[in-house]
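Here is the structure we will look at, set down as structure tokens.
As the structure is a computational prediction, the values presented were derived from the model and not from experiment.
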Amino acid sequence: MILILKHNAPQQELQALEAMLSEQGVQVTGIHGTHHNILGLVGDTSKIDIDSILAQPVVENVKRVQEPFKACNRKFHPEDTVVEVAGRKIGGGHVQVMAGPCSVENEDQIIEVAEAVKKAGATMLRGGAFKPRTSPYAFQGLHAEGIDLLKKAKAATGLPIVTEIMAIEHLDLFADVDLIQVGARNMQNFELLKALGHSDKPILLKRGLANTMEELLMSAEYIMAGGNMNVILCERGIRTFETKTRNTLDIAAVPLLKQLSHLPITVDPSHATGIPSLVKPLSLASIVCGTDALMIEVHNNPSKALSDGAQSLTPAQFAEVMDDVKKQIAFCGKELG
């Protein structure tokens, strides 16, 4: 980290600043120029609050030399992290496909979909028990009952279950959930992230609708700082000026996140555009770009779905997508499951 100091800053204030920084465990080196003085900070600067430094009267600007995220940074962990979910590996040449309905609606629905997606090649079952919705009048999910139904579907098919958590107080309900999802709207729910950092469950962290990649990685850092290193990133589309699609899939995020971080990555092509016909091409492109997993919405009767039916594939459509997904995974030298 580099601090650019104001011209003719009083020596007494400079000494006070240097003492404050030294107390935070970093080495401070002064560089004196013709027009500016600079302080170079060496050490772990991740915990230094830039805003508090900028508030000092002698500081003109602050520049980071390295990214503020450490635990998920590839510079400090060159090898790819492989996260295991109920014996299935995400990363390290393995590609998982999580498929299922946006919302768990009843027992017949979730078991029928679970059996269909497994037959087509899905390796994990996704389904919403708690559903954050824009409208307070929309279907909000079955909550604890929804998790119980997911567990029944797992018993019937053997597929590990993935479902979204919305609040810290619900954490006990997720004891038998294999992969806990943090949705886009909760990506910066920092108290929830801290609590999940003390959990032993793998966490699927979705990128927020209007968040940068660095903000996504800093949210992952919150979980990892608590000791939970089993974090999987998820690109699910971001909000842009484009109106033809529900969101815009940031396909470049996949290889860029791979460069920045060692964590495995999932792509959700269903939420990315909200258009079923685009799920296949975006899935194939994501595999080529290096994704470690796909999350695809499948409903046995999309026209009557209680949430996001318009973007869901039918089981027959999903089977068609999986035919090409399997070929693409093999072509890239990776393994499904």
Side-chain angles (χ1 to χ4, degrees), residues 85-88 95-133 138-166 173-181 183 204 234 236 246 266-280 282-283 293-326 329 336-337:
V85 179
R88 288 165 168 79
V95 179
Q96 305 297 332
V97 178
M98 311 167 193
C102 177
S103 296
V104 179
E105 298 169 2
N106 55 64
E107 183 174 344
D108 290 342
Q109 172 241 15
I110 191 61
I111 291 180
E112 180 181 339
V113 174
E115 291 174 342
V117 298
K118 180 182 180 180
K119 182 178 179 181
T123 56
M124 303 178 73
L125 174 65
R126 59 94 69 221
F130 293 84
K131 290 305 302 177
R133 305 297 297 278
F139 178 63
Q140 306 287 319
L142 298 177
H143 298 189
E145 181 186 353
I147 292 179
D148 289 339
L149 294 179
L150 283 168
K151 288 158 60 177
K152 288 184 178 181
K154 177 182 178 179
T157 62
L159 293 177
I161 53 178
V162 187
T163 194
E164 180 175 350
I165 190 169
M166 290 179 57
L173 296 174
F174 286 71
D176 296 318
V177 171
D178 299 293
L179 177 58
I180 299 177
Q181 174 185 315
L204 178 69
C234 182
R236 46 81 69 206
R246 180 177 179 178
T266 299
V267 172
D268 179 348
S270 298
H271 278 95
T273 66
I275 301 174
S277 62
L278 297 182
V279 169
K280 181 194 286 188
L282 293 182
S283 296
L294 295 168
M295 176 175 275
I296 299 175
E297 289 197 357
V298 181
H299 196 285
N300 54 338
N301 191 350
S303 65
K304 294 186 178 180
L306 296 181
S307 63
D308 285 349
Q311 69 186 30
S312 298
L313 300 179
T314 64
Q317 290 171 327
F318 177 71
E320 181 184 342
V321 169
M322 282 302 296
D323 286 342
D324 285 340
V325 163
K326 292 173 186 175
I329 291 172
L336 174 64

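- In terms of the side chain to side chain contact (heavy atoms under 4.5 Å, CB included) criterion, residue partners of Ile329 (sequence neighbours excluded) are, by chain and number, Val95, Ile287, Val325, Lys334, Leu336.
- Applying the salt bridge (Lys or Arg N to Asp or Glu O under 4.0 Å) definition to pairs two or more places apart or across chains, those involving residues 106-115 are Glu107-Lys152.
- The side chain to side chain donor-acceptor pair (under 3.5 Å) search around Thr123 returns Gln96, not counting sequence neighbours.
- For Arg88, there are no salt bridge (charged side-chain N to carboxylate O under 4.0 Å, His left out) partners at least two apart in sequence or on another chain.
- Within the 4.5 Å cutoff, side-chain heavy atoms of Leu150 are placed close to those of Ile110.
- The side-chain heavy atoms of Gln109 and Leu306, taken from C-beta on, include no pair separated by under 4.5 Å.
- Across all non-hydrogen atoms, the minimal contact from Gly127 to Thr163 is O-OG1, 2.6 Å.
- To the nearest 0.5 angstrom, Ile147 atom CD1 is 5.0 Å from Leu173 atom CG.
- Put simply, the side chain of Pro302 reaches to within 4.5 Å of the side chain of Thr314, judged on heavy atoms.
- Closest approach of Leu282 and Pro269 over heavy atoms only: CB-CB, 3.9 Å.
- Within the 4.5 Å cutoff, side-chain heavy atoms of Met295 are placed close to those of Gln181.
- Note: Leu179 CG to Leu125 CG = 11.5 Å, rounded to the nearest 0.5 Å.
- Every residue two or more places apart in sequence or in another chain was checked for a side chain to side chain donor-acceptor pair (under 3.5 Å) with Ser277, and none qualifies.
- The two atoms that bring Ser312 and His299 nearest to each other are CB-CB, 4.0 Å, heavy atoms only.
- With a 4.5 Å cut-off on side-chain heavy atoms, Val279 and Gln311 do not count as touching.
- Side-chain atoms of Asp268 and Thr266 include no donor-acceptor pair closer than 3.5 Å.
- In terms of heavy-atom proximity, Val321 sits nearest to Leu313 at CG2-CD1, 3.9 Å.
- Taking Ser307 as the reference, Ser103 meet the side chain to side chain donor-acceptor pair (under 3.5 Å) condition, with sequence neighbours excluded.
- The stretch residues 143-165 participates, sequence neighbours left out, in these ring pair (Phe, Tyr, Trp, His ring centres under 6.0 Å) pairs: Phe130-His143.
- Looking at Lys154, its side chain never comes within 3.5 Å of a backbone N or O of Ile161 through a donor-acceptor pair.
- Residues Leu142 and Asn106 come closest through the heavy atom pair CD1-N, 4.4 Å.
- Residues satisfying the side chain to side chain contact (heavy atoms under 4.5 Å, CB included) criterion with Ala120, sequence neighbours excluded, are Phe318, Ala319, Met322.
- Across Ile296 and Ser283, no two heavy atoms sit closer than the pair CD1-OG, 3.9 Å.
- With sequence neighbours left out, the side chain to side chain donor-acceptor pair (under 3.5 Å) criterion links Asp324 to Lys280.
- Applying the salt bridge (charged side-chain N to carboxylate O under 4.0 Å, His left out) criterion to Glu145, with sequence neighbours excluded, gives no partner residue.
- With sequence neighbours excluded, the residues satisfying side chain to side chain contact (heavy atoms under 4.5 Å, CB included) with Ala86 are Pro160, Asp178.
- For Asp176, the salt bridge (charged side-chain N to carboxylate O under 4.0 Å, His left out) partners two or more places apart in sequence, or in a different chain, are Lys151.
- Interatomic distance, CE of Met98 versus CG of Leu159, reported as 12.0 Å (0.5 Å rounding).
- Electrostatic pairing of Glu297 and Arg126 counts as a salt bridge here, judged by a charged N lying under 4.0 Å from a carboxylate O.
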